[in-house]
Protein chains: 2
Amino acid sequence: MAKRPRVTRPGAAKIADVARLAGVSVATVSRTLARPEVVIEETRTRVLAAVRETGYTPNISARNLRVRKTMVVLVAVPDIANTFFAEVLEGIDDTLSAAGYGLIIANLAGSPEKEARYVDLVCAGQVDGVLLLCGHVMRSPNRDLRDARVPLVAACEYISGESFPQVTIDNIGTASEAVRHLVELGHRSIAYLSGPKSNILEQQRFAGYRQALQGTGIAVDEGLILRGDFTFRTGVDAGRALLGLKPAARPTALFAANDEMAIGLIKTVHAAGLQVPKDLSVVGFDGIAYSNYCEPTLTTVVQPRRDLGATAAAELIALMTTGRAPIRKGTQLPAKLILRDSTCRPPA
Amino acid sequence: MAKRPRVTRPGAAKIADVARLAGVSVATVSRTLARPEVVIEETRTRVLAAVRETGYTPNISARNLRVRKTMVVLVAVPDIANTFFAEVLEGIDDTLSAAGYGLIIANLAGSPEKEARYVDLVCAGQVDGVLLLCGHVMRSPNRDLRDARVPLVAACEYISGESFPQVTIDNIGTASEAVRHLVELGHRSIAYLSGPKSNILEQQRFAGYRQALQGTGIAVDEGLILRGDFTFRTGVDAGRALLGLKPAARPTALFAANDEMAIGLIKTVHAAGLQVPKDLSVVGFDGIAYSNYCEPTLTTVVQPRRDLGATAAAELIALMTTGRAPIRKGTQLPAKLILRDSTCRPPA
DNA sequence: ATGCCGGATGTAATCGATTACATTTTCATC
DNA sequence: GATGAAAATGTAATCGATTACATCCGGCAT
């Protein structure tokens with residue numbers, strides 16, 4: 001059998017090859033690429049020609065090793081299959097990739113093992129910054145994201161007691177506005193469909209609900225508070241619970257802590273013959289794409305999803321490049337209540 | 001002003017520090033971590049203690065530079081906000097991150113600039129492999145993904161004429177099965193709502209539609225072919241077009257090339273007073289989560305989304321680790337027609 | 001002519017790991 | 001106790017870029 005010949009790696013043109021071909025030193029090549037103005041015209045064209053001819057691209061690992069950067073940021077998402085986050089991700093991706101950063105998406109999916117793996121990744125210096133959409137500072141059994149001296153920015157889900165920049169919307173205010181809309185339509189009996197109690201968004205949206213009622217003197221009725229966990233399925237369950245109430249005790253309107261649950265609930269009560277909005281007005285929260293497809297289309301608080309992502313990404317870039325300097329600690333973007341077909345005046 | 005003291009970078013414990021503390025050479029430390037069995041018990045515990053004490057984690061850039069690997073794969077998605085791909089991504093993420101790979105998500109979003117940037121990234125050797133969900137081999141003005149000698153695997157959207165592994169479903173067969181279901185219910189006038197003509201999935205699903213009709217002697221009626229581009233909006237438009245037909249010419253059933261369009265169409269015809277499925281049976285394709293939430297729930301071909309992702313990821317891992325050896329060039333996963341509430345016998 | 005200045009380029013150290021090869025240690029066997 | 005093979009460890013080259021510092025050179029003021 002013939003001796004296997006030492007394979008000359010084909011793709012690999014290194015800086016030394018370019019230097020040799022151009023008849024200059026490696027330093028000159030590097031400078032030509034990094035700061036063209038410090039090298040005279042003639043050398044520059046020679047070097048660039050050599051670069052083209054060899055098809056040279058710098059080895060990023062080597063560069064990273066030298067300059068202690070990775071040009072990668074990690075973004076932690078609770079669940080990538082959730083369309084809300086998908087659109088936030090688009091905004092993040094636009095901004096970050098335009099600035100030359102790569103994106104590692106950490107899909108937490110409720111798995112502590114995954115979370116720990118990603119924490120280790122960050123602590124190992126694999127990334128230049130982290131974007132947290134997950135409502136908490138990621139941890140592993142032995143350590144915490146803060147141990148990695150890496151810039152952090154949170155978005156969408158506020159993380160209380162932290163000093164890094166956060167980009168959110170005014171959940172309390174807009175939730176309150178949504179409920180006020182129902183009150184103004186004339187509703188006096190307004191149910192609330194909650195998220196998981198421990199979730200910060202749930203707490204804020206519920207606070208908005210209470211606040212709106214307070215202003216009008218309507219008491220918060222514990223019997224009108226339905227429990228869910230932000231998923232479609234619990235919306236369906238809540239719909240059944242609502243149908244179980246004696247007709248006299250039934251609310252004429254409902255505010256759901258997010259769209260998915262609202263849609264699940266509507267589907268259920270429809271199947272039982274109750275009409276939305278004629279018999280029951282429903283308001284959601286988030287403004288997911290589907291809220292505009294479902295039947296009836298959903299009155300909801302539309303979050304600026306792309307913008308939330310883009311703004312958070314911009315703050316992170318600022319942090320990463322200027323080293324320090326959080327621009328503002330808490331940025332709030334405007335969210336808007338959009339009136340669609342799921343709300344109307346209560347039956348007379 | 002006081003001279004700024006040379007800041008001793010805090011996080012950075014390097015292998016030499018560990019070696020010193022443990023009283024061994026750097027080689028031993030490296031070996032202890034990579035192949036513990038070649039180092040004797042006693043040294044090993046000493047080294048591990050030193051690792052713990054210093055909080056050492058290997059610098060990945062340095063390692064990558066040395067071993068010419070990055071442990072990162074790039075996955076190219078047409079549109080990350082599309083829930084179909086989001087779930088495929090979950091499967092990919094599960095498999096890849098369990099094997100220790102990081103994931104860079106290239107959200108093409110129809111932007112050639114972005115695509116070019118990612119091609120350059122890959123050509124620069126930034127990733128160990130690429131997963132293509134985008135139906136074509138990515139290009140930039142000057143080059144093509146094949147120029148980067150990097151393992152490729154395609155999934156979901158078949159790329160014809162290529163020799164790398166591909167993981168898809170049998171689009172023709174299942175589309176045909178879906179239409180056959182309508183025929184078996186007794187429909188004789190079955191419309192087709194298409195995707196963009198140039199798309200391979202569209203071509204295959206349309207082929208399935210024709211094939212099913214051929215078997216039964218029903219002719220393909222050009223007047224019953226509605227054009228769309230896979231988006232909800234064009235589904236709505238197609239619904240209007242359908243309503244514009246004279247009642248006598250209206251089909252009793254429709255097969256849509258994907259779920260989003262089917263749902264848009266149903267919404268439109270409902271608004272006009274047509275009942276689905278009583279007046280019109282509808283079958284979709286993909287089985288997105290929403291197909292089970294909408295009203296009526298959609299009879300559709302459910303693709304094994306997670307599994308498509310996981311399988312493609314596994315093939316890529318095989319390719320990356322064994323160097324060569326495509327296991328099988330074309331893997332087809334089973335997709336299933338799920339009967340729900342949007343189909344029934346035609347009106348008598 | 002001399003010296004100095006500054007712009008262009010080159011030399012070589014450096015980033016932090018992996019690993020081929022060299023060296024030392026261990027230990028079974030004669 | 002000598003011998004050699006195998007096991008454990010150490011030494012130093014290497015991956016491919018960036019960049020501090022050194023060098024060279026031309027021009028200008030004295």
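Chain identifiers are assigned alphabetically (A, B, ...) following the order of the sequence lines, protein sequences preceding nucleic acid strands; residue numbering begins at 1 within each chain.
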*Measure the distance from NZ on Lys69(B) to C1' on dT19(C) and round it to the nearest whole Å.*
16 Å
*Val26(A) near the nucleic acid: base, sugar-phosphate alone, or nothing, with a heavy-atom cut-off under 4.0 Å?*
base
*Base, sugar-phosphate alone, or nothing: which one does Thr32(A) contact when heavy atoms must sit under 4.0 Å apart?*
nothing
_According to side-chain hydrogen bond (donor to acceptor under 3.5 Å, both in side chains), does anything in residues 69-79 of chain A pair up with another residue at least two apart or in another chain? List the pairs._
Thr70(A)-Asp128(A)
*asked:* If the threshold is 4.0 Å, N to carboxylate O, is there a salt bridge linking Glu162(B) and Arg146(B)?
replied: yes
*Does CD in Glu53(B) sit with more than 12 non-hydrogen atoms of other residues, nucleotides or ligands closer than 6.0 Å?*
no
*asked:* Regarding dG10(D), can its base be found pairing with the side chain of Arg31(B) as donor and acceptor, where the two atoms are less than 3.5 Å apart?
replied: yes
*Verify the contact: side-chain N or O of Tyr56(A) to OP1 or OP2 of dG16(D), cut-off strictly under 4.0 Å; return yes or no.*
no
_So if I take residues 58-66 of chain B and measure heavy-atom distances to DNA chain D, which residues fall below 4.0 Å?_
Leu65(B), Arg66(B)
_By the 4.0 Å heavy-atom rule, please label Thr28(B) as base, sugar-phosphate, or nothing._
sugar-phosphate
*With DNA chain C as reference, determine whether Val29(B) or Val38(A) sits nearer its 5' end, using the nearest nucleotide of each.*
Val38(A)
*Ignoring backbone atoms, establish whether Ser30(A) has a side-chain N or O less than 4.0 Å from OP1 or OP2 of dT18(D).*
yes
